[in-house]
Amino acid sequence: KSKHIFGKGFLSDAGTQWASLWSSIIRRFHRYRHSGKLPAGATFLFYGFKLMSNILLSLAVSGRNDQYGHDFKRRFTQAMNMLAWSAARTGTLDKIEVVFADWNSRIPLAEELTLSQEATDLVRFIEIPPTIAAKYNDPISPFQQSIAFNTAVRRARGTFVGIMPADILFTSHALRNLLALLDNKV
């Protein structure tokens, strides 16, 4: 089901399809935004506003530290280490950030991960402790993904903001092309 593509990382077929879909959405939005049809003040999934920052792309990610989704910590660690490796390889570490909303974790996820130094610098953790999460949690699920994503998006500093699953792997080629597209270099 998965292909070994990078020293310690794996890219599933679903991840490949997600990256392709994401790229297509960004291209379409980019054309639409520059066509003059976008209402003033409108914001979309991949469009934000300029801040006093050189960050081009903020990736909003959410998760929790209760071992949901079969070995989430390993998958997230691999994805962030590969993203940092790809960004370092393309010289774009200063152009991206990951804002991770840690929802309802009794032990903060950041304390249990073994991220590379580059990945540690890249990821900013926003903790939503159980005492706060309890006010929003549905009785059926301890994870309110939309609220967690909104928490991360509101704290994003990039010109563009993307929402992504926590275990998507970016190759250096995909990252370079995505940032070039967002930076009007394509």
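Because only heavy atoms are used, hydrogens play no part in the values below, and waters and symmetry mates are left out as well, while side chains stay in.
Scanning all heavy atoms of the two residues, the minimum distance from Ala101 to Ile128 falls at CB-CD1, 3.9 Å. Across every non-hydrogen atom of Leu115 and Met80, the tightest pair is CD2-CB, 3.9 Å. Asp102 and Leu109 make their closest contact through OD2-N, 2.7 Å (heavy atoms, listed as atom of the first residue, atom of the second, distance). The two atoms that bring Arg74 and Asp71 nearest to each other are NE-OD2, 3.0 Å, heavy atoms only. The shortest non-hydrogen separation linking Ala79 to Ala166 is CB-O, 3.5 Å.
In this structure, CG on Leu83 lies 8.5 Å from CG on Leu93, to the nearest 0.5 angstrom. Rounded to the nearest 0.5 Å, atoms CD1 (Ile168) and CD (Gln78) are 13.0 Å apart. With rounding to the nearest 0.5 angstrom, the NZ atom of Lys73 is 9.5 Å from the CG atom of Asp66. In this structure, Ser86 OG and Arg176 CZ are separated by 9.5 Å, a value rounded to the nearest 0.5 Å. Here the straight-line distance linking atom CG of Asp183 with atom OG1 of Thr159 works out to 8.5 Å at 0.5 Å rounding. For the atom pair Phe160 CZ and Ile96 CD1, the distance stands at 15.0 Å (nearest 0.5 Å).
Using a 4.5 Å heavy-atom cutoff, the side chains of Arg106 and Asn65 are not in contact. Leu113 has its side chain out of reach of Phe100: every pair of non-hydrogen atoms, C-beta onward, lies at least 4.5 Å apart.
Shown here is Arg89, whose CZ atom has no more than 12 heavy atoms of other residues, nucleotides or ligands within 6.0 Å.
Residues forming a side chain to side chain donor-acceptor pair (under 3.5 Å) with Ser116 (at least two apart in sequence, or on another chain): Asn81. In this structure Phe149 satisfies the ring pair (Phe, Tyr, Trp, His ring centres under 6.0 Å) test with no other residue, sequence neighbours excluded.
Listed by first and then second residue, the salt bridge (Lys or Arg N to Asp or Glu O under 4.0 Å) pairs involving residues 114-131 are Glu97-Arg124 (not counting sequence neighbours).
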Carefully, step by step, assess Leu182 and Leu178 under the rule side chain to side chain contact (heavy atoms under 4.5 Å, CB included).
CA-CA 6 Å; Leu182 295 177; Leu178 174 61; 4.2 Å; yes

The test is side chain to side chain contact (heavy atoms under 4.5 Å, CB included); show your working for His173 and Thr90 and say whether it passes.
CA-CA 8 Å; His173 181 74; Thr90 58; over 6 Å; no

